[in-house]
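A quick write-up on the structure given underneath.
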Amino acid sequence: MRYAEVVRAGHGVESIRGFFLATPADKSYLAELNAQQRAATTFGDGALLIIAGAGTGKTKTLVSRLAYLIDSGVSPDAILLLTFTRRAAAEMLSRATHLCEPGATGKVWGGTFHAIANRLLRTYGRPAGITSDFTVMDQADAADMMNLIRSDLGLNKKGKRFPKKETLLKAYSMTVNAQTKLTEIVDKHFPWCKKSQDGMKEVFGSYVKRKREHNVLDYDDLLLFWRSLCETEGVGPQVADRFEHILVDEYQDTNAIQAQILLGMRQAYKNITVVGDDAQSIYSFRAATIRNILDFSQQFAGAKVITLEQNYRSTIPILDASNAVMEYAKERYTKELWSQRKSEQKPVLMTCVDESDQSRAVCEAIIEHLEMGTPLSSQAVLFRAGHHSAALEIELAKRNIPFHKYGGLKFVEAAHIKDMLAFLRVLENPYDQISWFRVLQLLEGIGPKSAQRLMSELGVRRNLSLREEIVSPESGEEIEVSSPLKCLFDDPPAAPAAAKEQYSNLRQALADCQGVILPKRRKESNSTGSETNVSADGEPTSSITDRLDLPAQLDRLRAFYEPIFEEVYSNAFVRVRDIEQLQEIAGKYKSRQKFITDLTLDPPVSTSDLAGPSLSEEDFLVLSTIHSAKGCEWDVVHVIHVADGDIPLDMSLGDDEGLEEERRLFYVSLTRAKNTLYIYFPFRHYHRGRSMSDGHSYVQLTRFLPEEMRHLFAVECSPDMVEDDSLAGDSATIDRVDERLNKLWE
DNA sequence: CATTTATAAATTTTT
DNA sequence: TTTATAAATG
């Protein structure tokens, strides 16, 4: 605990300690571990499964093991560390750095499965059928592609009901990741799509084909091709044997393919360490399965299992409440968490009138703890869905309480950022259909139809039957026949009249980025354009100079884009700031490809990631979805909207498994707290739109806290609750105001 | 007539 | 902030 606090306090403190007190290989960190943790840390060769309950020092153990391996002479670049987020990998590596030889962990391969897959496929992908210049589609891109195919196949006709793009993608992804027949998946998770199954099969078939035609991979492809890479003769063992040791965090949230990848990655070397807790498995919507943990000992023969049960994080009352929630779980795997942290303070169950009352109560509790010495950064507010924090955010802003929100809508999901990235992706991969589609439709006068026509005339779709001619049989090098960009520069297809000027500006902007000097055109198309470059002797084809560097490309694209988006978006001012932030991030990159890929695989999770170090010094509160709070801990935790319907979320109660996962989710939220835990229950719920009698209804406390469990909590009421119910007065006021208004047009 | 643009409705969790 | 439907435009 002490240790964790020092690390949280910042790198400065730790590095001083590391520099003066610890000689590189004294392994003094072993003394800070308990018996189980030490056994796990110093485990020798072979397979190891660490079952680590919440707050049992899982990360500490993994970090120690990492340091221990390096101290024992394992070469850092022969260690692969797979984590759930990039943040987790970076934090572990930085912590390990302070335990062993400084700088040594820099060479460790650390990242998410997807990020590592990307890295491996760029280098070794060719034998698996991947050219190294692919771009990665994020979820929205993949959904857009589903949508394009749906309309191409005429399945979006009026009157015909057909699953929408998100549903299509979800069903596809679930099928692929769970390695299960589509019919089964549809029966179980998408029963309302049963009638559309034939259409779905058709869409999925073209989806797979189209990804190849446009040289793009989706998230699932990264895993699938990594797996196939392992199975490829020659390269497979080469890739696998790079890594003497593999360490995997959050194993309860991996899926079947990821387990198969790990199997494939263990050929000559058999060393693998996985850490997980079945009680915290909350990603089944991504096809994660606890079978991976349960079957580990069979898949990796003779695996040793070590269980960590002492919780160092939470006080006994908090742990009692959390454990009670899990008591009711259908399936439990024997593990008794215990703590030595005594406390008189039970978790607080705070009943509030409604959401705004809840927001006030949260703010007041936060300020109270702040004044008692708990900084904002040691407090967090957790919720089930991104929009649950909307009212609170307004209240926090009103009171000038700084906060950063994790989860929910992300920076890269903002329309204007996606636009900017689409420009870059078109430049990086001229066959990227989704990006072209987006870019072209930005131009006034171009809608879906014209965009489709232009794309087909540009040749955005690669004909895979010509593929053998594209790749030279001898060198294996790709021979560029005629890329859509070249077509745009040399012989642009005509755009609709209304789009002429912007079209020509776009062409110029893209050409400038690539360092292409456009050929001089006949006066008709030249009259409106802003072409300042003149090619030598009016040659019919374009010529090439040096390509602009990444920041300059962004400047150039912004110059083209800004006038357009000021037209399209209302609050352009805020958006310009975002684009500036994007440029700031880009400043750290030399390679355009790496920049684009990093943004899709490890998108900034909150605005805090974007701000410079000066801002991160500031004390701020954390707002987070429960999913994003995985692996984190705070002194004081506030869980809001603990009403049935929100936790468990109505929408996810399709089956029993759904309910069980919601229970684990609630468990995860409770176990984030170290010293103090608040649970807020607003019992009145307003709904706009449908005018049900008086616009609100009453909801129940979450079913995960039944009556017999209440004694584990200190039950309190918000100040508003104590006062008389003011509803009657309120509606009277409203009536009076309405009456006055009505007089105005009587 | 085919497309584009304006309007209204609805929104889980994430690599 | 996106997406299905209606109105408007060339």
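Just so it is clear: chains get the letters A, B, ... in the order the sequence lines come, proteins before strands, and each one is counted from 1.
Atom CD of A/Glu444 and atom C1' of C/dG10 are 13 Å apart (whole Å). The CZ-P distance, from A/Phe162 to C/dT3, rounds to 16 Å in whole Å. The nearest whole Å value for the distance from the CG atom in A/Asp578 to the C1' atom in C/dT1 is 14 Å. When rounded to the nearest whole Å, the span between CG of A/Asp141 and P of C/dT2 equals 12 Å. Rounded to a whole Å, the CG atom of A/Asn147 is 13 Å from the P atom of C/dT2. Atom-to-atom, CD of A/Gln139 to C1' of B/dT12 comes out at 11 Å; the value is rounded to the nearest Å. Look at NZ on A/Lys500: it is 14 Å from C1' on C/dG10, rounded to the nearest Å. Taking atom NZ of A/Lys405 as the reference point, atom P of B/dT12 lies 13 Å away to the nearest angstrom.
Summary of the strand contacts: A/Ile282 and A/Gly445 both lie near DNA chain B, and taking for each the nucleotide with the nearest heavy atom, the more 5' one is attributed to A/Gly445. Each of A/Lys449 and A/Ala115 was assigned the nucleotide of DNA chain B with the nearest heavy atom; the assignment lying further toward the 5' end belongs to A/Lys449.
Closest approach to the A/Lys165 side chain among C/dT3, C/dT2, B/dT13 is made by C/dT3 (side chain taken as heavy atoms from C-beta onward). Checked against B/dT12, B/dT15, B/dT13, the side chain of A/Leu649 finds its nearest nucleotide in B/dT12. In this structure, of B/dT14, B/dT4, B/dT15, it is B/dT15 that holds the atom nearest to the side chain of A/Thr112. Side chain of A/Arg150, nearest nucleotide from C/dA4, B/dT11, B/dT3: C/dA4. Of the candidate nucleotides B/dT12, C/dA4, B/dT14, B/dT14 has the atom nearest to the side chain of A/His627. For A/Ser450, the listed nucleotide lying nearest its side chain is B/dT3; candidates were B/dT14, B/dT15, B/dT3. Among B/dT13, C/dT2, B/dT4, the nucleotide with an atom closest to any side-chain atom of A/Ala415 is C/dT2.
Ring centroid separation for the pair A/Phe84 and A/Phe113 does not come in under the 6.0 Å cut-off. A ring-centre distance under 6.0 Å is not found for A/Phe383 and A/His641. With ring centers used as reference points, A/His627 lies under 6.0 Å from A/Phe285. Checked against a 6.0 Å centroid threshold, the rings of A/His416 and A/Tyr561 do not count as neighbours.
Cation-pi check for A/Arg672 over A/Trp634 is not met; the charged atom does not lie both under 6.0 angstrom from the ring centroid and within 45 degrees of its normal. Taking the ring centre of A/Phe134 as origin, the terminal cationic atom of A/Arg122 falls inside the region bounded by 6.0 Å and 45° from the ring axis.
At a threshold of 4.0 angstrom between heavy atoms, the contacts of A/Phe84 are confined to the sugar-phosphate backbone, with no base atom among them. Among the protein residues, A/Leu601 comes within range of the sugar-phosphate backbone only, with heavy atoms under 4.0 Å from sugar or phosphate atoms but none that close to a base. Counting non-hydrogen atoms under 4.0 angstrom, A/Pro448 reaches the backbone sugars and phosphates but no base. If you check every strand for non-hydrogen atoms under 4.0 Å, A/Glu661 touches nothing. Within the nucleic acid shown, A/Ile446 comes within 4.0 Å of sugar-phosphate atoms alone, with no base atom in reach, counting heavy atoms only. Using a 4.0 Å heavy-atom distance criterion, A/Thr600 is classed as making no nucleic acid contact. Residue A/Glu166 is in sugar-phosphate contact alone, with no base atom involved, counting any heavy-atom pair closer than 4.0 Å across all strands shown. Contact annotation for A/Lys630: no contact, since no heavy-atom pair falls under 4.0 Å across all strands.
Contact of A/Arg286 with B/dT13 (side chain to base): no donor-acceptor pair of N or O atoms is detected under 3.5 Å.
Pairing partner, B/dT5: C/dA6, with both Watson-Crick or wobble hydrogen-bond distances short of 3.5 Å. Across all strands shown, nothing is found opposite B/dT12 as a Watson-Crick or G-U wobble partner with both distances under 3.5 Å.
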Set out, in order, the CA-CA distance, both residues' side-chain angles and the distance that settles salt bridge (charged side-chain N to carboxylate O under 4.0 Å, His left out) for A/Glu413 and A/Lys418, then state yes or no.
CA-CA 6 Å; A/Glu413 282 161 15; A/Lys418 285 212 279 196; over 6 Å; no
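A stacked arrangement is assigned to A/Phe285 and the six-membered base ring of B/dT13, with a centre-to-centre distance below 5.5 Å and an interplanar angle below 30°.
A close approach under 4.0 Å does not occur between any side-chain nitrogen or oxygen of A/Thr625 and OP1 or OP2 of B/dT12.
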